[in-house]
Amino acid sequence: MRLVLILLLCITVTFCKKEEKSRLYNFSSIDIEVVWKDSMTIRAIEIYNDTLLGFGYHKGYGFINLKTKERFISTFEIKDSLEKKKNWIAEQRAVSFANNSFFTLGIGSPARLRRVNLQNKEEKIMYTEDHEKAFYDAMIFWNDTEGIAMGDPTDDCLSIIITRDGGETWEKVSCDLVPKTIDGEAAFAASNGNIAVIGDRTWIISGGIQSRVFYSPDKGRTWQVFDTPIVQGTATSGGYSIHFYDKDHGIIYGGDYTKPEDNTANKAVTTNGGKTWQLISNDLGPGYKSCVRFIPNSKGKGIVAVGFTGISISTDSGGSWKEISKEGFYTLRFLNDSTAIAAGKERIARLSFK
């Protein structure tokens with residue numbers, strides 16, 4: 001009898017633990033708390049040590065302490081009229097943390113990558129690119145020493161710059177080492193979500209006339225490219241965001257922001273590390289979204305997608321979707337299993353999923 005009770009107790013505990021884990025991502029509603037509101041557009045955010053939010057906007061960058069809500073905002077100032085003609089103020093749509101520093105990179109030419117010391121907020125330009133076609137879209141670090149940023153082609157391949165010394169120096173990868181792009185293939189600086197990394201592996205999503213996944217197994221030393229079934233063929237269509245749950249399971253989300261309700265061929269998943277992609281919920285679920293993220297600890301089943309059209313969630317690896325808010329955001333990053341930070345037009349908010 002005692003043995004039976006012990007077995008029943010073990011079964012109950014195991015069942016409850018499984019049920020508890022399933023509730024971590026099986027959300028049906030959301031609370032939205034505005035953390036900061038101002039007259040700016042924010043498409044790039046990143047979180048440092050679960051407490052510090054870094055972001056870029058149309059005239060600079062900023063930080064928000066997520067516990068104290070203390071803020072630091074830096075606005076780029078132009079004093080030289082010649083610099084104004086060079087479009088010195090560029091919207092910061094690529095940001096990342098590494099090596100006790102914050103890195104931010106602007107779109108447009110000249111492209112300038114800045115490093116900000118987190119202790120004293122000292123700012124220094126670490127990389128400049130004067131090419132008239134320079135337009136960087138996203139940035140991420142593999143670790144505190146090695147990082148990567150990507151942008152639209154200036155020659156016949158995607159622009160890829162890499163640091164291997166903590167951001168002290170950045171080197172542009174030769175087009176001899178990267179698969180060639182076609183005319184009209186580029187990327188969208190919509191959410192700082194064009195790059196995904198897992199361990200040494202790196203995936204970059206392109207868009208436009210052609211939307212493909214560029215893959216490196218060794219932190220950007222060698223590259224391959226794989227086709228996707230995502231809608232493509234026009235300047236505004238393609239994959240806008242890519243994310244991986246582990247080395248095998250990933251998702252692409254996009255569409256066409258000029259046709260936000262169109263949900264044809266705008267989401268695809270892979271189960272083999274990006275070599276092949278399959279459309280999911282085709283002609284079903286949400287239309288265009290600018291950012292997609294797996295929910296942590298959801299075993300790849302929980303996914304959230306945001307865009308100016310609202311927030312949608314899937315609890316079955318993208319097979320079906322539910323809209324849980326019509327509030328629009330451009331980008332999102334998770335703090336934990338049930339809390340995320342999102343940013344968009346004139347605001348940053350904490351999202352609590354329930």
Side-chain angles (χ1 to χ4, degrees), residues 10-33 35 45-54 66-67 96-98 140-144 191-193 195-203 205 241-253 267-274 277-278 280-281 285-286 289-307 311-325 329 331-343 348-354:
C10 290
I11 292 170
T12 302
V13 170
T14 301
F15 176 78
C16 288
K17 283 184 177 180
K18 286 183 178 179
E19 193 175 66
E20 183 180 354
K21 283 184 178 181
S22 70
R23 284 198 297 266
L24 287 176
Y25 65 88
N26 195 17
F27 305 117
S28 59
S29 62
I30 189 172
D31 286 339
I32 300 176
E33 174 198 359
V35 176
I45 61 174
E46 198 57 71
I47 299 168
Y48 182 70
N49 288 344
D50 298 328
T51 58
L52 185 66
L53 174 74
L66 296 173
K67 288 189 175 180
S96 191
F97 287 101
I140 196 169
F141 275 72
W142 293 286
N143 50 54
D144 268 353
S191 66
N192 194 34
I195 314 173
V197 298
I198 296 286
D200 293 351
R201 297 172 174 82
T202 309
W203 299 266
I205 181 67
S241 181
I242 186 170
H243 196 226
F244 271 73
Y245 185 79
D246 55 34
K247 66 180 180 63
D248 297 315
H249 298 84
I251 184 168
I252 301 167
Y253 208 117
K267 13 187 183 347
V269 294
T270 181
T271 57
N272 59 9
W277 296 83
Q278 298 78 42
I280 52 172
S281 55
K289 299 294 182 186
S290 55
C291 186
V292 66
R293 282 292 183 271
F294 283 100
I295 299 173
N297 300 322
S298 67
K299 297 181 179 179
K301 295 182 180 297
I303 305 170
V304 173
V306 302
I311 305 169
S312 293
I313 188 170
S314 172
T315 59
D316 57 3
S317 302
S320 61
W321 295 81
K322 178 180 180 180
E323 183 183 83
I324 56 176
S325 175
F329 293 96
T331 187
L332 169 143
R333 295 294 184 272
F334 273 93
L335 276 169
N336 54 47
D337 306 282
S338 58
T339 308
I341 302 296
I348 297 173
R350 185 190 303 267
L351 310 183
S352 298
F353 297 88
K354 301 186 296 180

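Computation of the quantities below employed the complete heavy-atom set of this structure, encompassing side-chain atoms and omitting hydrogens, waters and symmetry-equivalent molecules. Quantities reported herein were computed from a predicted structural model and do not represent experimental measurements.
The shortest non-hydrogen separation linking Ile30 to Phe353 is CD1-CE2, 3.7 Å. Considering every non-hydrogen atom in both Asp337 and Pro296, the closest pair reads OD1-O, 3.1 Å. Closest approach of Trp142 and Asp200 over heavy atoms only: NE1-O, 4.1 Å. Between Leu66 and Arg350, the shortest heavy-atom distance links the atoms O-NH2, 2.9 Å. Minimum heavy-atom separation, Trp321 to Ala305: CZ3-CB, 4.0 Å. The shortest non-hydrogen separation linking Lys289 to Gly307 is CD-N, 3.7 Å.
Looking only at distances, a side-chain donor or acceptor of Ser317 sits under 3.5 Å from a matching main-chain atom of Gly300.
Within the model, atoms CD1 of Ile324 and OG of Ser312 stand 7.5 Å from one another, a figure rounded to the nearest 0.5 Å. Separation of atoms OH (Tyr245) and CZ (Phe294) is listed at 9.0 Å; rounding is to 0.5 Å. In this structure, Arg293 CZ and Ile303 CD1 are separated by 12.0 Å, a value rounded to the nearest 0.5 Å. Note: Ser352 OG to Asn336 CG = 8.5 Å, rounded to the nearest 0.5 Å. How far OH of Tyr253 is from CD1 of Ile205: 14.0 Å, rounded to the nearest 0.5 Å. A distance of 14.0 Å separates CZ in Phe329 from OG in Ser191, rounded to the nearest 0.5 Å.
Not counting sequence neighbours, the partners of Ser314 by the side-chain hydrogen bond (donor to acceptor under 3.5 Å, both in side chains) test are Asp316. With sequence neighbours excluded, the residues that form a side-chain hydrogen bond (donor to acceptor under 3.5 Å, both in side chains) with Thr331 are Arg333. For the side chain to side chain contact (heavy atoms under 4.5 Å, CB included) test, residues two or more places apart in sequence or in another chain that qualify with Ala196 are Trp203, Ile242, Phe244. Under the rule for a side chain to side chain contact (heavy atoms under 4.5 Å, CB included), the partners of Asn143 that lie at least two apart in sequence or sit in another chain are Thr145, Glu146, Lys219. Scanning for side-chain hydrogen bond (donor to acceptor under 3.5 Å, both in side chains) contacts around Lys354 gives Asp31, with sequence neighbours left out. For Ile280, the side chain to side chain contact (heavy atoms under 4.5 Å, CB included) partners at least two apart in sequence or on another chain are Ile251, Lys267, Val269.
Each of Leu332, Thr339, Leu335, Ile341 was evaluated against Leu351; a single residue qualifies, Leu332, per the side-chain contact (heavy atoms from CB on, under 4.5 Å) test.
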Using the rule given for side-chain contact (heavy atoms from CB on, under 4.5 Å), can you reason through Phe27 versus Val304, listing the C-alpha separation, both sets of side-chain angles and the distance that settles it, and then say yes or no?
CA-CA 10 Å; Phe27 305 117; Val304 173; over 6 Å; no

